[in-house]
2 protein chains.
Amino acid sequence: METLPGKTVERLSQYRRSLLSCLENGRDYIFSHDLANLHHITAVQVRRDLMLLGYSSVYRKGYPVRKLIEEIGKTLDSSEGQNAAVVGMGNLGTALAHYLSGIRPNLNVVASFDINPAKVGTLINGVPCHHVTALQKVIKEQNISIGIMTVPQDSAIEVADELGKTGIKGILNFTNISLNVPEGIYLEEYDMITSLEKVAYFVKKLGE
Amino acid sequence: METLPGKTVERLSQYRRSLLSCLENGRDYIFSHDLANLHHITAVQVRRDLMLLGYSSVYRKGYPVRKLIEEIGKTLDSSEGQNAAVVGMGNLGTALAHYLSGIRPNLNVVASFDINPAKVGTLINGVPCHHVTALQKVIKEQNISIGIMTVPQDSAIEVADELGKTGIKGILNFTNISLNVPEGIYLEEYDMITSLEKVAYFVKKLGE
DNA sequence: AATCAGGTGTGAATTTATTAACAAATATAG
DNA sequence: CTATATTTGTTAATAAATTCACACCTGATT
Ligand SMILES: NC(=O)c1ccc[n+]([C@@H]2O[C@H](COP(=O)([O-])OP(=O)(O)OC[C@H]3O[C@@H](n4cnc5c(N)ncnc54)[C@H](O)[C@@H]3O)[C@@H](O)[C@H]2O)c1
Ligand SMILES: NC(=O)c1ccc[n+]([C@@H]2O[C@H](COP(=O)([O-])OP(=O)(O)OC[C@H]3O[C@@H](n4cnc5c(N)ncnc54)[C@H](O)[C@@H]3O)[C@@H](O)[C@H]2O)c1
């Protein structure tokens, strides 16, 4: 299938999250406008996104939740499964390793890395922690394709370079500096300060 | 001034982050294309964003870093200062409280809330932790306009409702469920699973 | 002091994202 | 069975975001 726009991918991920919680609540069908309301968007937007999946619902009853989750999975998930590793098991890294573990059946956090001898060699929230010097080795051996960066900003560039050399395919960077990675690696960056400042800005504007 | 588009606000926040680190490195001037490279965007995008600030550089030497930081601050920051509170001092909340504290002179995390008696009444990473039952009181007293939500998802809706009643003006939601807030409150949501799944999707696509 | 090289600011064009509008489909009620 | 009320899928229209193209500015060079 064609590569979907990033925005659509984000929304599909969010739809799935909501759909999963619908299932838990025993809801079997959902209308596009209900899904839309859950995400503060329009029903047309939802339908358009689903259209890109090539999926059609049975009319009039809404979308069958279980089927739709499956359908989103076919598009978003890799059939062989994908492995991720967290680099930098500090406050954020530890929280993330815990949070992301087992969140999806075929997307797993299977390893982590740090330089702190107190952490290396231990299991943290169920994830084994290796020394960064083993980056190449572990990533190859465990077929890890995604790196999640939560190291201190001073080490960020250096660690990103090391990661780049391992043959990793994607990096999710939570470090507050913007990275440069070789061609062929997908880079996603997120800075919480930016989110906070954005809220602050619009709060300020609301009050004017 | 006109309200800027959210996208521009995000980039301005990121430019400032980079500019601050330029200053630390003793760099006094920066060209639009350098700033652009740091953020994987085009120089025109940078110039257009700065144009919206109404700011012009001295030609040919690039933008004066210090002046530009100041100028971005004039737009993004509130002159009276803004206070924020973290609700839910677990793994993520604690990490965030620490990370966000003192990051900007006039945007401070001044309080936090939890229900765990072991945490209530203590200082966590320098931030006093109150019981959620004191939400109304503390938010009013300390003039807190921004709430950062990091409670378990089961409590999210309930806590958001409580927050809504306090007269808070903005909510930054890290909970993995999408919230509904009353008119007049600015809501920003971020889900790390979405970011990870996005990376996973594009990694998968790269390999096809 | 005239020319050049390299940046900047911005209107116009383009691309991308969202919304409107509506035909087609089908459960339900009568 | 037919009419009605709803919801979907999709094309066309609109809006938002980004990039192009280029005039203009200024410090350096000859
Ligand atoms: N704490 C947060 O809530 C938060 C939020 C957003 C972004 N961040 C960013 O995440 C990063 C980490 O933040 P934190 O609060 O977890 O910091 P932290 O100091 O708690 O954790 C950093 C960890 O990285 C390890 N480390 C240091 N150098 C390393 C290296 N070269 N290779 C591997 N591991 C190394 C340290 O031993 C430590 O365990 C920072 O860049 C910060 O900007 C943090
Ligand atoms: N841990 C992560 O890295 C991470 C990442 C992204 C999103 N999240 C989201 O953040 C939230 C918290 O995650 P966590 O890992 O920090 O969980 P956690 O269990 O470590 O922390 C939750 C905290 O909230 C407190 N709490 C519970 N009910 C409360 C209430 N009604 N009012 C105030 N406080 C209450 C608990 O006592 C606890 O301290 C979850 O919704 C999760 O989806 C977590």
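Letters A, B, ... mirror the listed sequences (proteins, then strands); counts begin at 1.
The side-chain heavy atoms of A:Ile146 and B:Leu196, taken from C-beta on, include a pair separated by under 4.5 Å.
If you measure from atom CG of A:Asp34 to atom P of D:dT6, you get 14 Å, rounded to the nearest angstrom. The interatomic distance linking B:Leu4 (CG) with D:dA16 (P) rounds to 15 Å, in whole Å. Protein atom CG of B:Asp49 is 11 Å distant from nucleotide atom P of D:dT19, rounded to whole Å. Distance CG (A:Leu35) to P (D:dT7): 14 Å, rounded to an integer number of Å. To the nearest angstrom, P of D:dG9 lies 12 Å from CG of A:Leu52.
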5' to 3', nucleotides 7-17 of chain C under a 4.0 Å protein heavy-atom cut-off (B base, S sugar-phosphate only, - none) gives SBBBBB----S
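Partners of A:Arg47 according to the salt bridge (Lys or Arg N to Asp or Glu O under 4.0 Å) rule, which considers only residues two or more places apart in sequence or in another chain, do not exist here. Scored by the salt bridge (Lys or Arg N to Asp or Glu O under 4.0 Å) test, B:Glu208 finds B:Lys205 as partners (sequence neighbours excluded).
Under the 30°/60° scheme for interplanar angles, the aromatic rings of A:Tyr186 and B:Phe202 are found to lie parallel.
A donor atom on one side chain and an acceptor atom on the other are not found under 3.5 Å apart for A:Tyr99 and B:Asn91.
Salt bridge status for B:Arg17 with A:Asp191: present, with a side-chain N to carboxylate O gap under 4.0 Å.
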